[in-house]
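All of these numbers come straight from a predicted model, not from anything done at the bench.
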Amino acid sequence: MSIYIMSRKFKKLTLQYAFLKLEKEEVKEICEKQEKEIHKYIRENYPEYYKKQNNQIENQPNPNAEKDNQTEDASGTSTIKNKDLKKLYRIIASKTHPDKIGDDQHVGIFNSAARAYEEDNLATLLEIAGGLNVEVFELSPESVVLIENNISSLNKEINTMKTSTGWGWYKAQTPKEKKAVISFILKQKGIII
C-alpha cells in the first residue's frame, strides 16, 4: 500500500504508529543498557549489597508470565475480532503461511502477523501489509478507533519504560543524581545506604 494514496488521517495514524514503534525500540534499548550499567555500578561501589540486591532481582516473579499465556478477555470469553483486522490478517496469511506458499521463507512475517492479530494490533498488520505490497482496502471507522487504541497502548508502554530506574539512570546528569537512583533501587530492596 502506498502512503500517497491513503487519506490524510490514515497517513497520520500510520506514521504516528511507526514513529512510536521506533521510539519504543530506542527507549527499550537504552533502558536495557542502563540496567547493566546500574548493576556494574552497584557491584563496584556497593559490593556488600550487590549480591543481596542481585539475588532479589533474580528471585522476583515475572509479572507478565500469566498474561503471556492468556488469549481471552478478562471475563474469560473470547472477543469478537474487528472485521478489517480479520480480513487483513487472512490476506497476509495467504501470502506468508508456509503451508500456503510451500516454504518457510516468510514464517517470521507470518508469526508477527499472527501475534498482531491475537493482540488486536491493526497498526502492526497494516505495517506488515505495506511491507508485502498488499493493497489495503478502505477501513471502517471502528478500525480507525482500533488503530488509535494501538497508538495509545504503545504510548503507555513507552511512558512506563520512561519511569524505570534504567531510564532514570540514563537521564541522571550528576553523580548526586546517579546516587539518588541507586539509593532508590536499594531502598526498594529493603537496603538502606
Side-chain angles (χ1 to χ4, degrees), residues 1-36 62-162 164 166-167:
M1 167 181 65
S2 171
I3 194 164
Y4 300 107
I5 60 172
M6 292 186 232
S7 73
R8 192 171 290 144
K9 178 162 182 78
F10 188 57
K11 277 187 212 179
K12 285 171 52 178
L13 290 172
T14 304
L15 291 171
Q16 185 178 7
Y17 183 81
F19 172 81
L20 289 172
K21 190 172 172 186
L22 285 172
E23 183 176 2
K24 178 186 171 188
E25 290 170 14
E26 179 182 41
V27 171
K28 182 179 179 184
E29 187 177 293
I30 288 169
C31 288
E32 288 172 352
K33 181 180 177 192
Q34 298 307 309
E35 288 294 333
K36 289 177 185 175
N62 178 358
N64 296 323
E66 252 184 69
K67 190 167 75 173
D68 290 343
N69 295 324
Q70 294 176 349
T71 56
E72 300 173 339
D73 67 12
S75 67
T77 58
S78 59
T79 57
I80 297 172
K81 295 288 183 189
N82 172 285
K83 289 179 182 176
D84 292 337
L85 177 87
K86 195 175 200 176
K87 182 177 177 181
L88 188 57
Y89 172 70
R90 286 182 176 165
I91 293 169
I92 293 169
S94 72
K95 294 182 176 289
T96 60
H97 194 285
D99 293 344
K100 299 278 186 190
I101 62 173
D103 63 39
D104 292 344
Q105 176 181 346
H106 298 296
V107 73
I109 296 170
F110 172 74
N111 289 338
S112 295
R115 193 177 321 82
Y117 177 74
E118 287 302 316
E119 294 171 356
D120 290 332
N121 193 331
L122 182 56
T124 295
L125 282 179
L126 288 166
E127 194 174 51
I128 292 168
L132 294 170
N133 293 323
V134 170
E135 177 119 9
V136 177
F137 41 88
E138 187 69 29
L139 296 175
S140 68
E142 295 83 17
S143 295
V144 172
V145 170
L146 183 56
I147 295 169
E148 289 169 341
N149 289 340
N150 297 153
I151 289 169
S152 177
S153 293
L154 201 48
N155 251 325
K156 286 177 186 173
E157 288 179 56
I158 293 166
N159 290 332
T160 297
M161 285 190 282
K162 286 185 174 181
S164 72
W167 189 258

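By the 4.5 Å heavy-atom criterion applied to side chains, Ser112 and Thr124 are not counted as neighbours. Using a 4.5 Å cut-off on side-chain heavy atoms (C-beta onward), Leu15 and Phe19 make no contact. Taking the side chain as every heavy atom from C-beta outward, Lys156 and Ser152 approach each other to under 4.5 Å.
Taking a cutoff of 4.0 Å between a charged side-chain nitrogen and a carboxylate oxygen, Lys28 and Glu23 do not qualify as a salt bridge.
Leu13 and Val144 get closest at one heavy-atom pair: CD1-CG1, 3.6 Å. For the pair Ile101 and Ser94, the tightest heavy-atom approach, listed with the atom from each and the gap, is CG2-O, 4.0 Å. Considering every non-hydrogen atom in both Trp167 and Lys162, the closest pair reads CD1-O, 3.2 Å. Annotation for Asn150 and Ala123: closest pair OD1-N, 3.0 Å, computed over non-hydrogen atoms. Counting all heavy atoms, side chain and backbone alike, Ala113 lies closest to Leu125 at O-CD2, 3.6 Å. A pairwise comparison of heavy atoms in Leu139 and Asp84 identifies CA-OD2, 3.5 Å as the closest pair.
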- prompt: When you look at Asp120 and Asn82, which way does the side-chain contact (heavy atoms from CB on, under 4.5 Å) test go after all the steps?
  reply: CA-CA 8 Å; Asp120 290 332; Asn82 172 285; over 6 Å; no
Working for side-chain contact (heavy atoms from CB on, under 4.5 Å), residues Lys87 and Lys83: CA-CA 6 Å; Lys87 182 177 177 181; Lys83 289 179 182 176; over 6 Å; no
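Shown here is Glu25, whose CD atom has more than 12 heavy atoms of other residues, nucleotides or ligands within 6.0 Å.
The structure places CD of Glu138 at 10.0 Å from OG of Ser143, a figure rounded to the nearest 0.5 Å. For the atom pair Ser164 OG and Asn159 CG, the distance stands at 11.5 Å (nearest 0.5 Å). The distance from atom OH of Tyr89 to atom CG of Leu122, rounded to the nearest 0.5 Å, is 14.0 Å. Between Ile147 atom CD1 and Leu126 atom CG the span is 5.0 Å, to the nearest 0.5 Å. Remark: Leu85 CG to Glu119 CD distance equals 11.0 Å, nearest 0.5 Å.
The side chain to side chain donor-acceptor pair (under 3.5 Å) with Lys21 is formed by just one residue from the set Glu127, Gln16, Glu26; it is Glu127.
A cation-pi contact, defined as under 6.0 Å to the ring centre and within 45° of the axis, is absent between Lys86 and Tyr117.
Asn121 and Tyr17 share a side-chain donor-acceptor pair at under 3.5 Å.
By the side chain to side chain contact (heavy atoms under 4.5 Å, CB included) test, Gln34 is found to be paired with Ile30, Glu37, Trp169, Tyr170, residues two or more places apart in sequence or in another chain being considered. Under the rule for a side chain to side chain contact (heavy atoms under 4.5 Å, CB included), the partners of Lys24 that lie at least two apart in sequence or sit in another chain are Leu154, Glu157, Ile158, Met161.
Annotation: ring-ring contact (aromatic ring centres under 6.0 Å, His included) contacts involving residues 125-153, sequence neighbours excluded, are absent.
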